[in-house]
Amino acid sequence: SVIIGLFDGFKKNSLIKRSYELFNQGKYQEALECYDEILKTDQRYTDALYGKGKVLRELSRCQEALDIFDKILEIDERLVNPRIQKCSLL
């Protein structure tokens, strides 16, 4: 229903905002958990994937980060930021 869709969208936006805050505070593991929670319901949500990739990079999990940035580019090859992040890892 439309109401459930609105609720899911609100929850997703709240979680993405919280993830950004945690990342900016250097709480990378907690941010990663938030991104994973979002991605449970929408595996193609590029904002969450991008944030997760940045967190993985900060945690020195570089291959996982590269895989995430590749996945984003498979979803939308026009996006620039994942390409920039990939270059920073190579």
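FYI, the numbering just counts along the sequence from 1. Predicted model, so just to flag it, every value in this text is computed and none were measured.
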Determine whether more than 12 heavy atoms belonging to other residues, nucleotides or ligands lie under 6.0 Å from atom CD of E21. yes

For atom CD of Q25, is the number of surrounding heavy atoms from other residues, nucleotides or ligands below 6.0 Å larger than 12? yes

Show your working on side chain to side chain contact (heavy atoms under 4.5 Å, CB included) between L49 and Y35 and close with a plain yes or no. CA-CA 7 Å; L49 287 167; Y35 287 123; over 6 Å; no

What closest approach, in Å, do Y45 and I38 show between heavy atoms, and which atom pair accounts for it? CD2-CG2, 3.4 Å

Can you tell me how far apart OG (S19) and NZ (K52) are? Round to the nearest 0.5 Å. 11.0 Å

So, do E33 and E37 sit near enough that their side-chain heavy atoms are less than 4.5 Å apart? no

If you round to the nearest 0.5 Å, how far is NZ of K27 from SG of C34? 11.0 Å

Using 4.0 Å as the upper bound for N to carboxylate O, is an ion pair formed by K71 and E74? no

d(I72 CD1, I68 CD1) to nearest 0.5 Å is 7.0 Å

Test applied, side chain to side chain contact (heavy atoms under 4.5 Å, CB included); reference residue, L56; option that passes from D67, L66, L32: L32

Could you go through the side chain to side chain contact (heavy atoms under 4.5 Å, CB included) check for S88 and R57 one step at a time? CA-CA 10 Å; S88 74; R57 184 196 66 210; 4.2 Å; yes

Quick check for you: to the nearest 0.5 Å, what is the distance between E64 atom CD and L59 atom CG? 9.0 Å

Test log, rule side chain to side chain contact (heavy atoms under 4.5 Å, CB included), inputs F23 and E58: CA-CA 9 Å; F23 179 86; E58 292 298 321; 3.7 Å; yes

In Å, rounded to the nearest 0.5 Å, how long is the span from CZ of F69 to CD1 of I84? 10.5 Å

Between Q85 and N81: side-chain donor-acceptor atoms closer than 3.5 Å: no

Main chain of G53, side chain of R61: is a donor-acceptor contact present, judged purely on distance under 3.5 Å? no

Is there a continuous path of hydrophobic side-chain contacts, each under 4.5 Å between heavy atoms, that joins L39 to L22? no

Could you give the distance from NZ (K12) to CG (D42), rounded to the nearest 0.5 Å? 4.0 Å

Do D47 and Y20 have side-chain heavy atoms sitting under 4.5 Å apart? yes

L89 and V80: same hydrophobic cluster, using ILVMFWY side-chain contacts below 4.5 Å? no

